[in-house]
Structures are given as C-alpha cells and as structure tokens.
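What you are looking at is a predicted structure, and each value in this text was computed from that prediction instead of being measured. When reading the values below, keep in mind they use all heavy atoms of this one structure, side chains included, and skip hydrogens, waters and symmetry mates. Throughout, protein chains are lettered first and strands after them, A, B, ... in sequence-line order, and every chain is numbered starting at 1.
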Amino acid sequence: MSELNIKRPKGTQDITPIEVNKWQTIEGVCKSTAEDYGFSEIRTPTFEDTKLFVRSVGDATDVVQKEMYTVTSKGDSEFTLKPEGTAGVIRAVIENGMLNEAFPQKLFYITQCFRHEKPQAGRLREFHQFGCEMIGTKSPIADADLIMLAADVLERIGINNTRLNINSIGCPTCRAEYTKALREYFSQHTDTLCDTCISRLEKNPMRILDCKSPVCSEIAKDAPVILDYLCDECKEHFDMLKCILDAMEIEYSVNPRIVRGLDYYTKTVFEFICDSIGAQATVCGGGRYDGLIRELGGADTPALGFAMGIERLLLAAKRSRAEFIDRLSCDIYLASIGKDALLVTAQLARGFRDMGFIAEYDIVGRSLNAQMKYANKIKAKFSAVIGDDDIKKGVIKVKNMETGEIDNLKLNENFYDRFSDVLNSYLFGDEFALD
RNA sequence: GUGGGUAUAGCGUAGUUGGUUAACGCGUCAGUUUGUGGCACUGAAGACCGUGGGUUCGAAUCCCACUACCCACCCCA
C-alpha cells in the first residue's frame, strides 16, 4: 500500500452497493408518491449565488451565519453549495417564468445539500434531501394535502414510529405582536437565561422557545404562546388546517414550541419526529412560506413545502425494520471449459444481455470448479457449463441453481426465448414451465 | 465551537500482575475437484495493534499528547 492515505472528508459518506440498493428503494418511494400526488421533478444547480440563501434562509440564521460552504471562483461573485433545497427551486420557478403557468405548481426534488456542521448520528456535512414545494395556493387544504403526502411517504417506506407536530407561527403582522410579547416576558428572566438566549432576545426571541437548556426551557414553559397572538386570518387558517387533518384522520399534536430555524416560514409549520434514530430526530420539516417568492423578486405568491433527510429516513426505516428489495442478481452464469467455449459464452452472454437478462461469464480465467463457486456466490439463478461437446451438439445444459435440476436448451433461433420461459417459470411458478 | 466515549487484518472480535512469531470468526484467493456450486477439509494472502513521544531489559497492554471516528450539546432534514 502506498503511504499516501487519503480519506473521505469529514461528514461525508460512501454509499456502497448494498446501501445504494436501500437508497434507491427510498428514493423510488419518494418519487412515486410525489408523482401520485401530481408533483413533477425539478433539478437545480448544486451551487447558487450566495445572496440567494442570505435572502431566503435569513442572514441571522445559523445555517447562513456559520454553516455555508461558500467559495469564490476566479473573480466571479460568491457561490454557496446549497444548504437546503427550497431557495433554489423558488429561484428557478421565478427565473423560468413558471409563475405564469397554471397554479398550483407542484414540484419535488431529491438533491444533496451541504452544511458545515459537526457530524453526528443523522447529521452529515453532505446530506440528501427529498423535498416537495407547492406554489400558488393559500388554502389550508393545500397545507393538509402536503402533510398527507409527507405522511404517505413515511408510511410507504415502512416507517411506522413517527409523530406529527404542527404549529402556526403567524404572518409578519401577528408575529411582530408576538415577538414584542416574548421580549417583554423573557426580559424578566435575563439573569437566568443562557448566554445564547440572551443574544436571541434581541435578534429572534422565538428561538428561545426552542432552547434545550433545562433552565431556559423551564422559563419558556410559561412564555406567551404564539397561538394566542395570531391575527384573524392566521387563526382561521390554522383552525381550518386542524379540521381538515381531523377529517383526514391524520394524527397530530399542536406544539406551540416548534419554530423552524429558517426565516422564510409563515403560518403553518410542521415536523415529523422519529424518536428512535438519535438526537437528530426530525425526519421531515416543512411549512408555509407565503412571503418568500416576493422576497426573491417574484410576484406575490403563497407557497409551502417540506423536506425530508434521506439519511434520516434510512435510519428510521431500519429502526422500523422496513423491507428493502434485494439487489438484482445474475440471471445466468455461463461457465466455460476451454478457449473456444469461452468465446461462445461471451457471445451467448451478449445475446442474453440484449434480451435484458443479467448474464455473466468467466472473465478471470478460473477453473470450472471455481467458476461454479463464483456463480453460487453471486446468487446466479441459473448456470450453464459449455464445452466443445455442447457446441458440437448445439445443446446447452442449463442448471437451476436452487434445485440443481438441469434442462437442455437447443441452440437455435428460439434459444433466448426458451431461456426466458425457463426463467419465468423459476420466478413465477409453473405457468411458464417447459413442455 | 463545547463536552463524553472509542481506536487490534476488508468486516466483527479476543488478547491485564507488561514477556517469544498478535489469536479467532466471517469474508477474499487457491487446492482437494477441467463436465457442474452450496457442505467439508487443506493452504495462502491480508495488521508498522490510530499517530507521535515517554516509562521499561521488554509495550497492543502502563503514562502523556495528537488525530480520526462515534455520541451528545448547538442547529436542523
């Protein structure tokens, strides 16, 4: 081994084939569920103008202040690797004139995101999000529909131990009111609040509600509750949402403590929590962001969305013992005896592959015994041993690796179709059995 | 950025009054077995025992520092 020892950067991960299999299962469920709900996929750049995130996520947030991977490239303006998915999607929607298309626009994405954080269970520096955005509807029915979509994704993956928390953080008008009340309340406790909360008092007192410090959370218990400060419109919106969720029989609890850490949220916020995956338990987070599109220069348009961390979904799925489909295994392994036969197996393999079968032959130069052992190891469904005799006779013995039975297949124009029948009978029973 | 834990082959582990050549299981490769795999047996490759220093005649083992990883705070998906 060389002395050069290059390891992957902190907070990144290699996804090996056996894991990729699980990823694809989860991504597949995300995609197909979103599509069932009428969402279309959108893909946006991995990096964006830094100003996009400062503007949308908020310059006072931790994400923007200390977690962004920002680079300057050859004198161009500053770019940042996307720390979340919504900003880029909204930028793209505006930039591509999609606000002129039929509302609601319903978009989903699966993308990697980057945040410079200290890694731990369920938290990486490069991670992956599945997100859905609904643009152009202010109705609480949309909120409920979106939550239903998220719940369905979790259910279809096989995650069965989550709980849903919802809250409303109001619109800028009622939130200003509430913030004022919070400041008044927490100001009485400046002697006991933790240092970060003291600084939050000016910047964003709502975040104090989120503080996990025992002292702060004790004080926060008796703090004014946002729900008491909602304006009529916001209150009605939230009440409607709860009604619809009840009608849809989606279980939730109202948690006035949940406050999203991204500045763009308004009115509805929600999260799905999974307690069995460690401290980073939020498996899905989302809400309404009615002001964001205008903030980014588009026409004033209401919108909402959520994101799920794929890594966390995977952890939760494993905890729920969700089932994953096995990797596709070899349909037929073609063992050969001798050089001439090897060339024949190569041709046969190509024929099988053209038919859409997974076919392999010996590209290592192994003994017959070793070839068979390999066929077994890669879980080949069938094998065939091909030597000079077989070529002469034009008949190939195909072995069912599970039962050990051997069938003869004539090497004629129907050969591949015949194998297809054999394989189908193996996979689906006797319906396709050879006569 | 702040704490706590861990560090022995590809993976999982054993290895304390400090004592020869660091052990075991799985996996990998080969052979027994060039007309048929799974089982079995035999053999091989693979470890600067995380890095650096210290104590000692002697360190995987004791001490110190560092690093990496994991977990938690924080933050969030």
Side-chain angles (χ1 to χ4, degrees), chain A residues 1 3 5 7-13 16 18 57 61-67 83-86 110-131 150 194-197 200 207 210-214 216 258-262 270-274 277-287 305-316 333-339 341-342 362 364-390 396-406:
Chain A
M1 238 202 287
E3 281 187 28
N5 190 8
K7 295 206 212 132
R8 59 169 207 276
K10 186 197 277 270
T12 62
Q13 61 184 338
T16 52
I18 193 153
V57 174
T61 60
D62 278 14
V63 169
V64 166
Q65 279 192 343
K66 34 190 192 191
E67 295 171 2
E84 56 97 51
T86 301
I110 296 175
T111 186
Q112 64 274 67
C113 297
F114 306 86
R115 290 183 201 172
H116 188 95
E117 298 193 85
K118 194 149 171 183
Q120 72 185 70
R123 191 172 76 185
L124 290 148
R125 289 184 174 180
E126 181 183 12
F127 61 103
H128 298 75
Q129 282 191 345
F130 159 65
C194 76
D195 289 349
T196 36
C197 283
R200 280 167 177 156
R207 299 219 50 77
D210 227 11
C211 186
K212 307 282 191 307
S213 129
C216 299
I258 69 166
V259 173
R260 311 264 82 223
L262 275 32
F270 62 91
E271 54 189 27
F272 285 84
I273 309 284
C274 176
I277 59 169
Q280 306 303 316
T282 306
V283 113
C284 171
F306 68 76
M308 298 187 177
I310 306 259
E311 287 83 355
R312 291 183 191 177
L313 291 177
L314 193 55
L315 287 173
Y333 182 87
L334 299 152
S336 55
I337 306 163
K339 246 188 217 150
L342 177 63
D362 178 40
V364 176
R366 287 193 243 241
S367 68
L368 178 63
N369 182 45
Q371 290 183 62
M372 290 305 293
K373 281 191 176 176
Y374 179 71
N376 187 58
K377 216 160 283 169
I378 63 175
K379 296 189 169 79
K381 297 184 186 80
F382 289 88
S383 68
V385 177
I386 292 155
D388 294 342
D389 288 353
D390 308 288
I396 287 173
K397 295 193 198 81
V398 174
K399 178 174 187 172
N400 179 327
M401 292 294 280
E402 198 179 308
T403 63
E405 281 169 43
I406 294 176

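Listed for the A:Arg125 side chain is a donor-acceptor partner under 3.5 Å among the backbone atoms of A:Glu117.
Checking B:C70, B:A77, B:A72 against the side-chain heavy atoms of A:Glu117 singles out B:A77 as nearest.
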Quick tally for nucleotides 34-39 of chain B: nucleotides whose base has a protein heavy atom under 4.0 Å get B, sugar-phosphate-only ones S, the rest -, giving BBBBB-
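Applying the salt bridge (charged side-chain N to carboxylate O under 4.0 Å, His left out) test to A:Asp62 and every residue at least two apart in sequence or in another chain returns A:Lys66. With sequence neighbours excluded, the residues satisfying side-chain contact (heavy atoms from CB on, under 4.5 Å) with A:Ala380 are A:Cys330, A:Tyr333, A:Ala375, A:Ile378. Here A:Ala341 pairs with A:Ser336, A:Ile386, A:Ile391 under the side-chain contact (heavy atoms from CB on, under 4.5 Å) rule; sequence neighbours left out. Contacts of A:Ala370 classified as side-chain contact (heavy atoms from CB on, under 4.5 Å), with partners at least two apart in sequence or in another chain: A:Arg366, A:Ser367. Applying the side-chain contact (heavy atoms from CB on, under 4.5 Å) test to A:Lys377 and every residue at least two apart in sequence or in another chain returns nothing.
As judged by a 4.0 angstrom heavy-atom cut-off over every strand, A:Leu313 is placed among residues making no nucleic acid contact.
Across all strands shown, B:G35 forms no Watson-Crick or G-U wobble pair with both distances under 3.5 Å. In a base pair of the Watson-Crick type (N1 to N3 plus N6-O4 or O6-N4) or a G-U wobble (N1-O2 and O6-N3), with each distance short of 3.5 Å, B:G27 is matched with no nucleotide.
Where A:Gln129 and A:Val364 each meet RNA chain B at their nearest nucleotide, the meeting point lying more 5' is that of A:Val364.
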